[in-house]
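What follows is one structure encoded as structure tokens, with my remarks underneath.
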Amino acid sequence: MYWVFKTEPTECSIADIAAAGSNGVIWEGVRNYQARNFLRDQVKTGDMVLIHHSSCDVVGIAGVATIIAEAFTDPSQFVAENPYYDPKSSADKAPWVAVRVGFVRQFPQVLSMADLRAIAGLADMQLLKKGNRLSIMPATNAEFDLVLLAAKA
DNA sequence: GCCAACGTTGGC
DNA sequence: GCCAACGTTGGC
């Protein structure tokens, strides 16, 4: 399948994923049930992921990653010092999962929201829907291809 | 920093 | 289980 993952580049940018090498990075801290359900139930090894930079200078899709390890228990939920700590999580009740993502490519330029909205075939893309706050969301194969085409990547 | 949209919480 | 109040997200 195809996905869009949102990230604040100050936390984990496409360049950070590139720098992580073949082990990739752990994608943790998802604390929304709808996003968690995608991550736990549908995100599979080998799936392709559009990496979206949010809350930053140039908001938009910055590159592509792939899933190299599918859902496992998110360790950050147990760590009191961690910003993603969940005091309600315990060994026998740990609702949150993480995956591991590996670098595929970084776009020469970030495809901004305006760039994306200008692509006719992306009119229904979930990422572009008003009020969308999901940090993990599916994309279609067609949307994925259009984004790569527009990125000249 | 504004604010729309949405999620979560908690009193009842 | 309803729903008002509150918190958070995230584009602009």
Side-chain angles (χ1 to χ4, degrees), chain A residues 1-20 25-43 47-65 67 71-101 103-140 142-153:
Chain A
M1 282 188 69
Y2 298 88
W3 302 97
V4 176
F5 284 14
K6 286 187 196 170
T7 176
E8 297 189 13
T10 52
E11 293 280 317
C12 180
S13 69
I14 188 71
D16 294 331
I17 300 172
V25 299
I26 181 170
W27 206 270
E28 62 186 5
V30 173
R31 295 292 180 270
N32 166 285
Y33 284 104
Q34 206 180 339
R36 187 283 308 269
N37 290 346
F38 282 132
L39 211 53
R40 184 189 59 189
D41 304 332
Q42 296 190 53
V43 173
D47 283 359
M48 301 302 282
V49 181
L50 296 168
I51 298 297
H52 179 267
H53 286 177
S54 68
S55 300
C56 60
D57 200 11
V58 186
V59 170
I61 299 175
V64 180
I67 302 300
F72 53 92
T73 301
D74 181 347
S76 70
Q77 66 193 305
F78 304 120
V79 182
E81 301 76 29
N82 192 288
Y84 302 120
Y85 175 60
D86 184 348
K88 288 180 284 190
S89 293
S90 59
D92 58 338
K93 190 167 176 288
W96 308 117
V97 299
V99 298
R100 194 165 276 282
V101 306
F103 179 73
V104 175
R105 63 173 63 99
Q106 181 169 4
F107 294 163
Q109 290 184 315
V110 175
L111 273 184
S112 72
M113 297 299 279
D115 294 335
L116 294 167
R117 291 188 204 284
I119 300 169
L122 298 186
D124 292 329
M125 195 174 185
Q126 200 170 339
L127 176 68
L128 302 180
K129 292 274 168 68
K130 189 176 180 180
N132 166 62
R133 299 190 339 186
L134 263 188
S135 61
I136 307 281
M137 73 195 97
T140 67
E143 289 164 351
F144 183 84
D145 288 346
L146 282 171
V147 169
L148 260 68
L149 188 68
K152 300 183 172 65

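Numbered from 1 within each chain, the chains take letters A, B, ... in sequence-line order.
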Check: What is the distance from CG of A:Leu127 to P of C:dG11, rounded to the nearest Å?
Finding: 8 Å
Next item on the list: Report the nucleotide, chosen from B:dT9, C:dG11, C:dT8, that has the shortest atom-to-atom distance to any side-chain atom of A:Ser54.
Entry: C:dG11
Check: CE of A:Met137 versus C1' of C:dT9: gap in Å, rounded?
Finding: 12 Å
Margin query: Mind checking if A:Gln34 touches a base, just sugar-phosphate, or nothing, with heavy atoms under 4.0 Å?
Written below: sugar-phosphate
Note to self: If you count every heavy atom of other residues, nucleotides or ligands that lies below 6.0 Å from A:Gln109 atom CD, does the total exceed 12?
What the structure shows: no
Item checked: Distance in angstrom units between A:Gln126 CD and C:dG11 P, rounded -> 14 Å
Item checked: Whole-Å gap separating C1' (C:dG11) and NE2 (A:His53) -> 16 Å
Next item on the list: Respond yes when some side-chain nitrogen or oxygen of A:Lys130 is under 4.0 Å from OP1 or OP2 of C:dC12, and no when none is.
Entry: no
Item checked: Side chain of A:Arg117 - closest among B:dT9, C:dG11, B:dG7 -> C:dG11
Next item on the list: Determine whether the aromatic ring centres of A:Trp3 and A:Phe38 lie less than 6.0 Å apart.
Entry: yes
Note to self: Rounded to whole Å, please give me the gap between CG in A:Asn132 and P in C:dT9.
What the structure shows: 14 Å
Check: Roughly how many Å is it from OH in A:Tyr84 to P in C:dT8, rounded to a whole number?
Finding: 14 Å
Check: Hey, is the main chain of A:Leu134 close enough, under 3.5 Å, to the side chain of A:Lys6 for a donor-acceptor pair?
Finding: yes
Check: A:His52 near the nucleic acid: base, sugar-phosphate alone, or nothing, with a heavy-atom cut-off under 4.0 Å?
Finding: sugar-phosphate
Margin query: Nearest whole Å is fine: how far is B:dC3 P from A:Arg133 CZ?
Written below: 17 Å
Check: Any donor-acceptor pair under 3.5 Å linking the side chain of A:Arg40 with the backbone of A:Val97?
Finding: no
Margin query: Measure NZ/A:Lys129 against P/B:dC6 and give the value in whole Å, please.
Written below: 11 Å
Check: Using a cut-off of less than 4.0 Å, is there contact between a side-chain N or O of A:Lys6 and OP1 or OP2 of C:dT9?
Finding: no
Next item on the list: Tell me, with the steps shown, if A:Phe72 and A:Trp96 meet ring-ring contact (aromatic ring centres under 6.0 Å, His included).
Entry: CA-CA 9 Å; A:Phe72 53 92; A:Trp96 308 117; over 10 Å; no
